[in-house]
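Numbers restart at 1 for each chain; the letters A, B, ... are given by sequence-line order, proteins then strands. Predicted model, so just to flag it, every value in this text is computed and none were measured.
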There are 2 protein chains.
Amino acid sequence: MKPETRKNEIIIKAAALFKDKGYSAVTMRDLATALGIKAASLYNHIDSKQAILQDIILSIAEEFTAGMETILQDEGSSINRLNQIIQLHVTIASRNADGMAALNTDWMHLENKLDYYLSLRDTYENNFRNIIIDGIEQGEIKDENVEVILFSMLSTLRSLYLWIPKKEDLNIDQLSDSLSAILISGINT
Amino acid sequence: MKPETRKNEIIIKAAALFKDKGYSAVTMRDLATALGIKAASLYNHIDSKQAILQDIILSIAEEFTAGMETILQDEGSSINRLNQIIQLHVTIASRNADGMAALNTDWMHLENKLDYYLSLRDTYENNFRNIIIDGIEQGEIKDENVEVILFSMLSTLRSLYLWIPKKEDLNIDQLSDSLSAILISGINT
DNA sequence: GTCTATAGGACGATAGAC
DNA sequence: GTCTATCGTCCTATAGAC
């Protein structure tokens with residue numbers, strides 16, 4: 001799935017640099033230096049800086065799309081599906097925090113593939129929203145504003161990349177459970 | 001407080017452009033064009049591109065610091081304080097969504113003032129964390145992982161800028177109340 | 001697969017006229 | 001307060017040697 005090709009090393013390292021400074025502020029010279037080579041040498045492995053960004057963002061976006069489809073095919077209550085979504089985000093963010101940073105902060109720098117990315121994101125959010133609406137209709141979820149519930153959960157889940165790398169003592173199952181408890185049941189006694 | 005000086009127009013417009021493309025991707029020529037002047041003319045009003053970023057980010061960061069100090073001086077339960085923090089974020093984000101975007105996504109491009117910004121952020125997070133810890137000790141807040149609670153609330157509150165401008169039908173008091181209900185009491189029935 | 005050299009353009013910022 | 005002109009630097013990407 002992730003062969004140790006030179007191209008893959010470049011993409012992994014680029015994602016790490018993008019996380020720290022953002023796509024626009026990272027130069028091909030920065031990336032080359034971080035890999036111990038010259039900027040011109042990068043072009044033997046990748047087509048352009050833009051192609052690196054596309055690779056990072058779209059592979060993750062497609063992972064989320066596939067994960068959501070699995071969740072929708074499963075039988076299960078709405079709360080159960082929300083817990084599966086939480087687990088999906090924790091899993092992807094813990095495996096590729098740097099890529100998640102690029103997806104969250106640099107998606108607007110996608111050029112040709114911007115529309116494709118936006119369509120994936122839109123579909124994902126619609127599926128997420130429909131799960132919440134179903135839950136309210138079934139009486140599993142409180143009748144609060146749907147958009148506020150969706151926004152609140154998505155904000156937390158999309159920010160996981162900022163936070164997971166610092167908390168290696170908390171394993172991903174514990175984190176997933178703890179997040180479920182807090183997002184679903186709240187914090188007051 | 002915000003006189004309609006040319007300098008202020010520049011800063012307001014810069015914040016709007018930074019929100020769309022990020023600090024690094026916005027050029028002084030972009031900014032000048034958006035204001036209907038030439039890039040060189042900007043320098044009669046501002047010292048540098050960097051100075052614009054500092055102005056945007058630090059004025060908001062100091063607003064949060066002052067807001068937190070008021071909350072800490074007030075008598076009140078931990079839950080009450082958390083509700084005041086939610087209100088603080090909604091108020092600032094609704095008044096200056098573009099500036100919040102810069103604070104959230106471009107703080108790392110601060111040069112001389114980076115350490116100052118980080119010290120304000122650190123103090124703010126520590127105060128937030130201590131309110132949660134107090135609440136757990138007093139039995140007002142569930143004994144879940146403190147860092148997960150802090151992260152979850154902060155992630156949602158920090159993302160408000162992305163979302164408030166699109167929801168003008170929801171007034172800020174309604175939004176504040178709805179967010180409180182969801183973040184404090186959860187969503188399950 | 002990496003290098004040197006460089007094309008061709010955009011960048012932030014300054015000087016000085018009006 | 002805005003302009004034109006320009007400086008010196010950095011940018012992505014290509015050409016061609018090794």
Measure from [atom1] on [X] to [atom2] on [N] and round the result to the nearest Å.
X	N	atom1	atom2	result
A:Leu17	D:dC11	CG	P	13 Å
B:Asp30	C:dA10	CG	C1'	11 Å
B:Ile37	D:dC3	CD1	P	6 Å
B:Ile46	C:dG12	CD1	P	10 Å
A:Leu42	D:dT14	CG	C1'	13 Å
B:Tyr43	D:dC3	OH	C1'	15 Å

Please verify the inter-ring angle class for A:His89 with A:Phe128; under 30° counts as parallel, over 60° as perpendicular, anything in between as tilted.
tilted
Judged by nearest nucleotide, the residue sitting upstream toward the 5' end of DNA chain D, B:Lys38 or A:Ala25, is B:Lys38
Nearest to the side chain of A:Met28 - C:dG1, D:dA13, D:dG1?
D:dA13
Specify the closest pair of heavy atoms between B:Asn83 and B:Ser180, including all atoms of both residues, with the distance to one decimal.
OD1-OG, 2.8 Å
Heavy-atom nearest nucleotide on DNA chain C for A:Ala39 versus A:Arg29: which residue maps closer to 5'?
A:Ala39
Is there a donor-acceptor contact under 3.5 Å linking the side chains of B:Tyr116 and B:Gln54?
no
Between the side chains of A:Ser155 and B:Ser155, is a donor N or O closer than 3.5 angstrom to an acceptor N or O?
no
